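Here's the structure we're looking at; comments come further down.
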Amino acid sequence: MIQAWFGIGWLDAFLRVQLLVGFMTVNVLLLIWAERKVLARIQQRLGPTRTGPMGLLQSVADAGKLLTKEDVKPTTADRWVFDFAPFALFVPIFVSFLALPYARDVWVRSLPLGLFFVMAIQSVTIVGMLMAGWGSDSKYALLGGVRSVAQMISYEIPLVLSVVGIAMLSGSLDFNVIIEAQDVVPNIVYQPLGFFIFLTAAMAELARNPFDIPVAESEVVGGPFVEYSGIRWSMFFLGEYTNLFVMSLLGTVLFLGGYAWPFGLDVGWPLQLALTMGKVSLMILLLFWIRGSLPRLRIDQLMSFAWKVLIPLTFVQIFLNGLVLTYAWPKIILTFTSGAFLLLAAYAIRRGVRRTGRVPREQRLDALRIREARGLS
Amino acid sequence: MVLEQGFDQEYETVDLNINMGPQHPSTHGVFRMVLAVDGELVVDVEPVIGYMHRGGEKLSETLDYRQGIGIQDRTDYLGQFNCEQTYCMAAEKLGGFDVPERAEWIRTICVELNRMASHFMFIGAYGTDAGFIGTAFIYGFRERERIQDLFEELTGERLMYSYFRVGGVAWELPNGWTAKVSNLLKELRQGVADFKGLLSENEVFLARTRNVGVISAERAIDYGLSGPMLRACGVPWDLRREEPYSVYPRLEFEIPVGEYGDCYDRYTVRLREIEQSIRIVAQCLEMMPSSGPIMAVNMPRMLRLPVGEVYARTENPRGEYGIYLVSKGGNKPYRLRMRSACFANLSALREMTIGEYIADAVMILGSTDIVLCEVDR
């Protein structure tokens with residue numbers, strides 16, 4: 001049971017939420033700055049340098065600019081849907097913060113079904129994307145909205161199924177139990193395949209490279225956000241980066257041992273907090289790095305990757321877990337089997353892309369149908 | 001009422017028209033594509049050009065032969081030296097001037113460096129089309145910047161060089177310029193290697209470019225494609241070989257050709273052309289006489305060409321660039337017609353795009369490597 005810092009229960013919860021809001025806002029500003037700096041290093045640039053030391057205040061300046069900007073609304077937009085889309089996207093992400101642990105006693109509320117709660121509330125963000133795409137009354141926004149719904153629903157499945165593997169190992173959906181079970185060996189050792197699937201699906205959920213198809217700058221020019229400006233647009237931005245943090249925190253808690261590994265449960269909360277934040281930073285850095293070094297997939301490739309590669313692989317992982325847990329074999333078997341499947345999958349993907357001969361267009365029926373209708377061969 | 005009709009009734013669907021451009025991040029200038037899409041598939045595409053029309057051909061009639069070179073810089077702003085060379089060659093052919101050898105070597109070095117700069121720019125921009133957050137773009141620009149620094153030192157200009165003259169070049173090379181060029185070649189080799197690591201071997205990039213925008217060699221010839229677009233289809237057509245001009249007969253180089261005529265071939269052909277250009281420049285630096293005249297001896301103070309007409313063509317970075325020049329004896333052309341490689345290459349866009357995905361339409365447009373200033377003139 002978490003001890004109340006601020007007296008009576010409801011007041012304590014309220015104040016913790018306030019702390020969280022403040023933390024999140026500063027956190028997003030820092031994340032944006034960090035992403036710009038990291039991407040700049042990858043691209044042999046300097047990034048922001050002029051505003052504050054090392055450009056640290058750049059995000060503050062940007063936020064100030066966005067706050068004072070005119071809130072442009074298309075006259076034909078569906079007003080209510082357009083106005084509320086940023087909140088529909090942002091609020092669920094914020095709510096999922098309530099159940100996420102940072103250190104043993106540092107969180108808002110510990111829920112017995114915390115993992116389930118976070119996964120469920122995460123999927124509500126899809127509604128926000130669709131609302132933004134539909135309400136803007138713009139073709140680019142609509143395309144982006146439809147793309148994002150298709151992508152997020154598809155990748156929700158491998159995301160949840162990879163988390164199911166962890167729930168099987170820990171035998172619980174409570175974050176406390178999941179983390180405390182990892183005080184000696186973090187779950188990534190037993191579930192390398194699961195971690196890979198989680199990371200991939202999380203990148204798709206976040207719509208980051210190579211899965212930034214809904215917001216593709218060079219195709220749909222920002223997708224659902226194309227008609228937004230000023231404060232509403234910055235709400236989307238805030239949501240996007242908060243979600244990045246949530247996903248990294250989730251990955252840390254589920255796979256990297258959260259605050260428990262490697263120092264165990266008996267250390268003080270400042271060290272635990274530092275551990276969590278350090279691991280989250282590493283995850284975020286990895287996502288930035290991937291973003292700077294991979295181009296974007298196409299929508300059909302994205303969908304077939306989810307349904308033909310990731311979902312079968314998650315079933316393999318779950319099956320392996322079930323086998324080992326049912327017969328109470330040593331868990332180290334999972335390390336080797338799961339790792340072997342990961343290497344096999346990596347090899348198959350690499351091989352598959354390279355060896356896919358150049359398919360003549362005659363074999364692509366959809367293309368052929370359209371071309372015939374237009375009098376092309 | 002729509003609802004009273006019931007849901008089992010079949011509704012007719014219409015294709016969605018998307019207006020891509022003239023202000024769109026991936027149309028490479030002011031170009032407009034009106035896409036008719038069925039979901040994510042492109043059913044029809046209508047290219048709209050003419051936004052950059054400045055009447056360059058008509059303008060050339062009012063400028064004398066020295067001033068006309070400036071117009072050539074402004075047609076293909078990524079292959080300025082190549083266009084200047086074509087113009088000068090046309091005038092020299094009509095006037096019967098012999099360009100001194102050293103001037104020819106200097107021109108070849110400039111032209112080949114310019115070809116590399118143009119191709120690096122293409123590869124960088126193509127990476128952005130494919131969805132890189134600028135990494136490929138900055139890599140491409142880094143190499144182009146090095147070349148441009150040398151051009152700036154040589155001509156005093158970074159974009160509109162106006163260095164070639166009818167009968168030779170305007171002035172001697174600066175001291176130590178050739179040594180800088182040979183140093184540059186090493187760096188450019190490294191730049192090509194960087195791109196091989198970043199793009200050529202990238203699974204996502206392979207998946208995005210292979211089998212996309214295929215055009216057969218016969219159709220390519222029918223459309224009058226030239227340059228890398230034609231060579232990617234497996235036709236080894238290069239004016240530097242087919243109709244040798246300047247010092248090209250004395251140089252050793254290969255003509256890279258593709259096999260399938262898809263976007264990936266167009267990319268690799270350009271990358272391999274950079275390597276060949278490095279070879280050519282290295283040979284030029286070796287074989288160039290260290291001193292000698294740089295201007296034809298019989299050049300009059302005011303250039304007047306005899307009555308007649310002439311067509312000169314060269315292999316530009318984007319394909320065959322031709323100047324058709326009609327003179328009625330004055331110091332200005334009576335009529336000047338530019339044969340634009342991009343315009344012909346762009347004509348195959350519809351054939352290549354129909355039946356592909358929206359994301360591929362962007363990739364296909366990018367692979368034609370258009371310069372809208374040259375298309376519209």
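Naming convention: chains lettered A, B, ... in sequence-line order (proteins, then strands); numbering from 1 in each chain. Fair warning: this is a prediction, and the values are worked out from it, not measured in the lab.
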Do you know which of [options] has the most heavy-atom pairs with chain A at a distance under 4.5 angstrom?
{"options": "B:G366, B:A361, B:G134", "result": "B:G134"}
{"options": "B:A359, B:G127, B:G39, B:A136", "result": "B:A359"}
{"options": "B:L16, B:D44, B:L206, B:L198", "result": "B:D44"}
{"options": "B:T135, B:L199, B:N202", "result": "B:T135"}

Quiz item: Think B:R144 forms a cation-pi with B:F141, using NZ or CZ under 6.0 Å from the six-ring centre and within 45 degrees of its axis?
Solution: yes
Exercise. Tell me, please, whether A:Y347 has A:R350 positioned over its six-membered ring: NZ or CZ under 6.0 Å from the ring centre and within 45 degrees of its axis?
Key: no
Under 4.5 Å heavy-atom distance to chain A, tell me which part of [X] shows up: side chain, backbone, both or neither.
{"X": "B:T128", "value": "backbone"}
{"X": "B:M363", "value": "neither"}
{"X": "B:N17", "value": "both"}
{"X": "B:V362", "value": "side chain"}
{"X": "B:I133", "value": "both"}
{"X": "B:F132", "value": "both"}
{"X": "B:E203", "value": "both"}

Quiz item: Is it true that B:R210 and B:D265 make a salt bridge, defined as a side-chain N closer than 4.0 Å to a carboxylate O?
Solution: no
Exercise. Using a strict 4.0 Å threshold on nitrogen-to-oxygen distance, state whether B:R142 and B:E145 make a salt bridge.
Key: no
Quiz prompt | Among A:R296, A:R45, A:Q301, residue most engaged with chain B (heavy-atom pairs, under 4.5 Å) | solution = A:R296
Practice problem: Considering only heavy atoms and a distance below 4.5 Å, find which of A:D212, A:I213, A:L294, A:L142 pairs most often with chain B. | Solution: A:L294
Quiz item: Looking just at side-chain N and O atoms, do B:Y267 and B:S200 make a donor-acceptor pair shorter than 3.5 Å?
Solution: yes
Self-check item: A:F341, CZ atom: more than 12 neighbouring heavy atoms under 6.0 Å
Solution: no
Quiz item: Does a sphere of radius 6.0 Å around CH2 in A:W33 hold more than 12 heavy atoms from other residues, nucleotides or ligands, not counting ones at 6.0 Å or beyond?
Solution: yes
Self-check item: Pair A:Y140 and B:H24, ring centroids less than 6.0 Å apart
Solution: yes
Exercise. From the options B:D369, B:T368, B:D129, select the one residue that forms a side-chain hydrogen bond (donor to acceptor under 3.5 Å, both in side chains) with B:H28.
Key: B:D129
Exercise. Going by the side-chain contact (heavy atoms from CB on, under 4.5 Å) test, name the single residue among B:V37, B:D15, B:I354 that passes it with B:V43.
Key: B:D15
Practice problem: Check each atom of A:L39 against the heavy atoms of chain B and say whether the ones under 4.5 Å are side chain, backbone, both or neither. | Solution: side chain
Quiz prompt | chain B contact via A:I42 - side chain, backbone, both or neither, heavy atoms under 4.5 Å | solution = both
